[in-house]
Amino acid sequence: MQTRDGRPQRTILIVDDEAAIAGMLADYFTMEGYRTLTASSGVEALQRASNPVDVVLLDVNMPGMDGFEVCRRLREHLACPIIFLTARIEDVDQIDGFAAGADDYVLKPFSLEVLGRRVAAHIAREGRHREREQSVKFFQGVTVDYGERQVTVNAGGGERRVDFTRTEFDIVALLSKSPGRVFDRDLIYERVWGWGAAGDPSIVREHVRRVRKKLTAAGAPAECIETVWGVGYRWSAR
């Protein structure tokens with residue numbers, strides 16, 4: 001089955017404790033040709049996510065397990081885009097959300113049509129990654145497989161896979177494809193989050209910090225991402 005614009009049918013998981021909102025979103029995306037799954041709590045969302053999912057729409061303010069915790073748990077086994085739906089607009093909330101593994105924020109109240117376009121854009125970007133990034137690069141004990149979207153570290157005679165979130169891998173891919181080139185935070189934000197993304201480029205610093213921490217924990221032999229003070233970041237592994 002295809003959506004109205006001819007794309008293959010995708011599955012969206014909608015997580016919101018307000019039945020009216022979840023129902024409205026499910027109706028809209030069903031009419032657009034998507035397969036929809038709904039969950040009214042964090043626990044139910046984790047159960048639903050055992051099915052193949054292409055995008056998650058996740059409310060932040062839920063009783064019990066909030067959206068940040070749900071996102072962290074989903075990221076243990078999901079690499080698909082996760083979009084927060086929230087009325088919270090504080091910078092710290094956005095930083096916490098991206099740190100938990102979210103890819104985007106949409107503030108309430110929102111336009112269904114605009115949300116639909118955001119979802120379609122994330123799915124299209126995911127498809128472009130898989131179609132165009134069919135190569136592998138080898139660095140100092142670090143292998144970046146762009147097609148499979150995987151990074152592995154060969155340390156101490158064994159190979160360890162680094163579990164990056166979707167956004168973290170996108171940053172690794174951007175920098176590692178142009179070793180030695182310096183990217184400022186604004187450019188990284190533009191390339192990774194896309195034109196017109198709502199947020200603050202300062203969140204790039206937090207994502208780079210997490211990438212470095214994970215590479216170090218996996219045993220990477222040298223710091224792969226170098227900070228060029230006052231300018232930005234570059235991939236220094238060779």
Side-chain angles (χ1 to χ4, degrees), residues 1-62 64-86 96-106 108 110 112-131 133 145-150 161-170 173 192-194 197:
M1 184 174 179
Q2 295 180 326
T3 57
R4 288 161 60 178
D5 61 0
R7 291 179 288 109
Q9 188 181 45
R10 304 291 188 179
T11 300
I12 298 179
L13 172 59
I14 300 165
V15 187
D16 200 306
D17 64 309
E18 295 188 40
I21 293 178
M24 174 187 68
L25 292 172
D27 289 344
Y28 172 78
F29 283 105
T30 297
M31 287 190 297
E32 290 295 305
Y34 293 87
R35 176 174 176 258
T36 61
L37 302 172
T38 61
S40 60
S41 69
V43 172
E44 188 178 4
L46 298 177
Q47 294 172 343
R48 292 285 191 181
S50 62
N51 297 282
V53 174
D54 296 290
V55 177
V56 179
L57 299 180
L58 178 58
D59 183 38
V60 171
N61 296 318
M62 293 189 297
M65 190 188 306
D66 68 11
F68 297 143
E69 180 61 23
V70 175
C71 184
R72 281 189 285 269
R73 296 197 185 188
L74 289 175
R75 274 290 174 243
E76 293 175 1
H77 63 279
L78 282 185
C80 71
I82 296 178
I83 303 173
F84 273 133
L85 306 178
T86 181
D96 287 346
F98 287 123
D103 296 283
D104 202 356
Y105 261 86
V106 174
K108 296 178 179 179
F110 49 78
L112 283 174
E113 184 175 356
V114 170
L115 177 60
R117 295 292 180 88
R118 295 283 278 273
V119 167
H122 277 284
I123 291 175
R125 187 175 71 166
E126 194 81 358
R128 288 194 297 271
H129 282 311
R130 291 198 174 106
E131 290 173 2
E133 297 178 351
D145 187 327
Y146 303 101
E148 296 297 323
R149 296 179 61 79
Q150 292 182 5
R161 175 176 171 176
V162 185
D163 292 323
F164 287 126
T165 68
R166 178 175 177 269
T167 301
E168 290 165 356
F169 179 85
D170 287 346
V192 173
W193 278 267

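Position 1 is the first residue of the sequence, and the numbers go up from there. Note that the coordinates shown come from a computational prediction; the quantities given were computed from them, not determined experimentally.
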List the atom pairs, with distances to 0.1 Å, where a side-chain N or O of residues 35-42 and a protein N or O form a donor-acceptor pair under 3.5 Å, not counting sequence neighbours.
unit_1	atom_1	unit_2	atom_2	d
Arg35	NH1	Thr11	OG1	3.4
Thr36	OG1	Thr30	OG1	3.3
Ser40	OG	Glu44	OE1	3.0
Ser41	OG	Glu44	N	3.2

Output side-chain donor-acceptor pairs under 3.5 Å for residues 12-24, partner residues at least two apart or in another chain, one line each.
unit_1	atom_1	unit_2	atom_2	d
Asp16	OD1	Glu18	N	2.8
Asp16	OD2	Lys108	NZ	3.4

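Between Gly101 and Cys71, the closest heavy-atom pair is C-SG, 3.7 Å. Nearest heavy-atom pair, Gln150 versus Phe169, reported as atom, atom and distance to 0.1 Å: N-CE1, 3.5 Å. Annotation for Trp193 and Thr167: closest pair CZ2-CG2, 3.4 Å, computed over non-hydrogen atoms.
Residues Phe68 and Val60 meet the side-chain proximity criterion, which asks for heavy atoms closer than 4.5 Å. Between Val162 and Glu168 the shortest side-chain heavy-atom distance does not fall below 4.5 Å. Using a 4.5 Å cut-off on side-chain heavy atoms (C-beta onward), Ile83 and Asp103 make no contact. Contact check for Val56 versus Cys80: side-chain heavy atoms found under the 4.5 Å cut-off.
Of the N and O atoms on the side chains of His122 and Asp104, at least one donor lies less than 3.5 Å from an acceptor on the other residue.
Using a distance-only test at 3.5 Å, with no hydrogens or angles considered, a donor-acceptor pair links the side chain of Asp66 to the main chain of Glu69. In this structure, the side chain of Arg118 engages the main chain of Tyr105 through a donor-acceptor pair within 3.5 Å.
Ion pairing between Arg73 and Glu76 fails under the 4.0 Å rule for side-chain N and carboxylate O.
Rounding to the nearest 0.5 Å places CD of Glu32 at 15.0 Å from CZ of Arg10. The CE atom of Met62 lies 11.0 Å from the OG1 atom of Thr86; values are rounded to the nearest 0.5 Å. From Leu58, atom CG reaches atom CG of Leu85 across 7.5 Å, with rounding to the nearest 0.5 Å. Within the model, atoms CG of Leu115 and CZ of Phe29 stand 4.0 Å from one another, a figure rounded to the nearest 0.5 Å.
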(message) side chain to side chain contact (heavy atoms under 4.5 Å, CB included) for Leu57 and Val106? Distances and angles first, verdict last.
(response) CA-CA 9 Å; Leu57 299 180; Val106 174; over 6 Å; no

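Between Tyr34 and Tyr28, the gap from one ring centroid to the other reaches at least 6.0 Å.
Just one residue in the list Val70, Ile82, Asp163 forms a side-chain contact (heavy atoms from CB on, under 4.5 Å) with Arg75, and that residue is Ile82.
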